[in-house]
K.L.:
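This structure is in structure tokens; I'll ask about it shortly.
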Amino acid sequence: MSTATGELHQLTHDHMNIDSLTWTADSSSIIFSSNRGGKYGLWKIGLKDKTPERLPVGTEDAYQPAVGPKPGDLAYTQGSAIWSILRLQQTSGKESSVQSDAVLTSTQQDSAPSLSPDGSFFAFQSRRSGNQEIWIASRAGDQLRQLTFMAGPLTGSPSWSNHGNKILFDSRPGGHSHIFCVAAAGGRPKQLTFGDANDITPRWSHDDQSIYFRSNRGDRWQLWRVSAVGGIRNL
């Protein structure tokens with residue numbers, strides 16, 4: 001924005017997130033942290049450029065760039081973490097104990113596992129594709145496949161149906177979180193709730209005929225129910 005006239009000039013147009021930004025030393029370009037390439041990395045765009053260029057440093061989990069007074073001086077924050085989904089097993093014998101082993105290990109926030117009824121597979125939320133989506137893996141952590149392709153909106157909270165053929169999840173394609181259902185075998189998800197409220201963490205009833213979820217519709221968080229074939233009811 002021009003401080004003299006207040007005129008705005010948009011530099012990027014890809015509708016991706018920007019975490020932080022700073023001017024270069026000569027004020028001719030902007031260095032910013034964005035997930036436009038999948039994971040958050042450092043990018044640079046000139047005031048007259050049409051397309052940002054990715055910097056050769058800060059290519060993964062990089063944030064908060066800061067430029068020094070000399071050309072080439074650059075500081076930034078880079079974080080790394082290991083996320084694991086663990087399996088707990090109780091040992092038998094005189095002194096029983098609980099042992100854990102990692103089924104999946106990643107730097108991409110694998111979390112919120114939901115087991116299939118027969119225990120042979122589990123659904124989970126993960127950022128391993130660049131966006132948080134729902135994935136499925138076998139009990140041993142292999143046979144990995146991506147189940148949803150929402151391509152941007154935060155998607156998670158999977159819940160496997162008791163009959164084993166469907167999976168619930170919440171996602172935010174229009175700014176508000178709503179409940180969706182997708183076949184465990186894959187396919188196009190069906191949206192079950194609508195409106196300007198946020199609906200999250202869906203769970204199946206024991207017979208899969210109803211779906212329970214949290215929602216702030218009605219101006220405060222409460223437990224709600226929706227029929228698997230439609231129709232919302234406040235509990």
Side-chain angles (χ1 to χ4, degrees), residues 81-90 98-173 176-194 197-217 221-233 235:
I82 299 298
W83 293 73
S84 296
I85 291 181
L86 305 178
R87 177 175 54 206
L88 300 180
Q89 292 181 315
Q90 186 169 358
V98 176
Q99 295 182 342
S100 65
D101 61 289
V103 178
L104 284 178
T105 298
S106 173
T107 61
Q108 295 305 303
Q109 295 189 15
D110 296 339
S111 59
S114 175
L115 283 166
S116 62
D118 62 4
S120 59
F121 289 88
F122 63 93
F124 63 102
Q125 61 190 40
S126 177
R127 293 182 179 272
R128 59 181 58 224
S129 67
N131 300 309
Q132 184 169 295
E133 301 279 4
I134 305 300
W135 288 68
I136 288 179
S138 68
R139 182 184 180 89
D142 53 7
Q143 300 183 44
L144 203 62
R145 63 183 173 90
Q146 186 173 342
L147 182 64
T148 66
F149 297 85
M150 305 300 283
L154 195 63
T155 301
S157 308
S159 178
W160 211 306
S161 68
N162 296 293
H163 288 96
N165 60 334
K166 297 179 181 180
I167 293 174
L168 296 173
F169 63 93
D170 53 35
S171 187
R172 297 153 178 79
H176 288 90
S177 178
H178 289 296
I179 308 303
F180 293 77
C181 183
V182 64
R188 184 174 182 178
K190 177 182 178 181
Q191 186 170 344
L192 299 179
T193 65
F194 302 85
N198 290 302
D199 306 322
I200 61 173
T201 56
R203 295 294 182 268
W204 294 95
S205 62
H206 72 282
D207 58 3
D208 291 343
Q209 296 301 305
S210 297
I211 298 160
Y212 300 94
F213 61 97
R214 290 184 64 208
S215 177
N216 64 352
R217 57 183 66 224
W221 288 99
Q222 292 181 304
L223 184 63
W224 289 70
R225 181 175 69 182
V226 61
S227 168
V229 296
I232 296 176
R233 180 179 179 182
L235 294 183

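Since the structure is predicted, the reported quantities are computational estimates derived from the model, not experimental observations.
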K.L.:
If I compare all heavy atoms of S205 with all of N162, which pair ends up nearest, and what's the gap?
P.N.:
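Minimum heavy-atom contact is O-ND2, 2.8 Å.
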
K.L.:
Is there a side-chain contact between R128 and Q146, using heavy atoms and a 4.5 Å cut-off?
P.N.:
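In short, these two side chains do not touch, never coming nearer than 4.5 Å.
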
K.L.:
Taking all non-hydrogen atoms of both residues into account, name the closest pair between S116 and S120 and its distance.
P.N.:
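Shortest heavy-atom separation between S116 and S120 comes out as OG-N, 3.4 Å.
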
K.L.:
Nearest 0.5 angstrom please: S111 OG to F124 CZ, how far?
P.N.:
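CZ of F124 is found 9.0 Å from OG of S111.
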
K.L.:
Under a 3.5 Å cutoff, is there a donor and acceptor pairing between the side chains of Q108 and S126?
P.N.:
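Per modelled atom types, Q108 and S126 side chains form no pair under 3.5 Å.
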
K.L.:
Side-chain contact test, heavy atoms from C-beta onward, threshold under 4.5 Å: evaluate it for F180 versus L168 and give yes or no.
P.N.:
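Contact flag for F180/L168 side chains = no.
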
K.L.:
Output the distance between atom CZ (F169) and atom CD (Q125), rounded to the nearest 0.5 Å.
P.N.:
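It comes to 12.0 Å.
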
K.L.:
To the nearest 0.5 Å, what is the distance between OG on S227 and CG on L192?
P.N.:
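Atom-to-atom, S227:OG and L192:CG are 9.5 Å apart.
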
K.L.:
Answer yes or no: is there a side-chain heavy-atom contact under 4.5 Å between W135 and S129?
P.N.:
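Side chain of W135 against side chain of S129, heavy atoms only: contact under 4.5 Å found.
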
K.L.:
Under a 4.5 Å cut-off applied to non-hydrogen side-chain atoms, are L147 and I167 in contact?
P.N.:
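Yes, close enough: below the 4.5 Å cut-off.
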
K.L.:
Identify the heavy atoms of A197 and S215 that sit nearest to each other, and give their distance.
P.N.:
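Looking at all heavy atoms of both residues, the closest pair is CB-OG, 4.1 Å.
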
K.L.:
Give the ring-plane orientation class for F121 versus W160, where under 30° counts as parallel, over 60° as perpendicular and anything between as tilted.
P.N.:
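Tilted: the ring planes of F121 and W160 meet at 30° to 60°.
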
K.L.:
Does atom CZ of R145 have more than 12 heavy-atom neighbours from other groups under 6.0 Å away?
P.N.:
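Above 12, so yes.
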
K.L.:
Does any non-hydrogen side-chain atom of V103 lie less than 4.5 Å from one of F122?
P.N.:
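Side chain of F122 against side chain of V103, heavy atoms only: contact under 4.5 Å found.
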
K.L.:
List the atom of I134, the atom of T148, and the distance in Å for their closest heavy-atom pair.
P.N.:
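So the minimum-distance heavy-atom pair works out to N-OG1, 2.9 Å.
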
K.L.:
Atom OG in S161, atom NZ in K166: separation rounded to 0.5 Å?
P.N.:
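Spacing of OG (S161) from NZ (K166) equals 7.5 Å.
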
K.L.:
With rounding to the nearest 0.5 Å, note down the distance linking NE2 in H178 to CD1 in I200.
P.N.:
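If I round to the nearest 0.5 Å, the distance is 12.5 Å.
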
K.L.:
Search all heavy atoms of S84 against all heavy atoms of T105 and return the closest pair with its distance.
P.N.:
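Residues S84 and T105, closest heavy atoms: OG-OG1, 3.2 Å.
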
K.L.:
Can you tell if the side chain of F213 reaches within under 4.5 Å of the side chain of S157, non-hydrogen atoms only?
P.N.:
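With C-beta onward as the side chain, the pair stays apart.
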
K.L.:
For residues W224 and D199, determine if any side-chain heavy atom of one lies less than 4.5 Å from a side-chain heavy atom of the other.
P.N.:
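Side chain of W224 against side chain of D199, heavy atoms only: no contact under 4.5 Å found.
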
K.L.:
Do D170 and T155 have side-chain heavy atoms sitting under 4.5 Å apart?
P.N.:
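Of all side-chain heavy-atom pairs linking T155 with D170, none is under 4.5 Å.
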
K.L.:
Measuring from L223:CG to R214:CZ, what's the distance to the nearest 0.5 Å?
P.N.:
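Separation between the atoms: 9.5 Å.
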
K.L.:
If only atom types and distance count, is the side chain of R203 paired as donor or acceptor with the main-chain N or O of S159 below 3.5 Å?
P.N.:
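Side chain of R203 to backbone of S159, a donor-acceptor pair under 3.5 Å: no, none is there.
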
K.L.:
Considering all heavy atoms of both residues, which atom of E133 and which atom of A151 are nearest to each other, and what is their separation?
P.N.:
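Residues E133 and A151, closest heavy atoms: OE2-N, 2.8 Å.
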
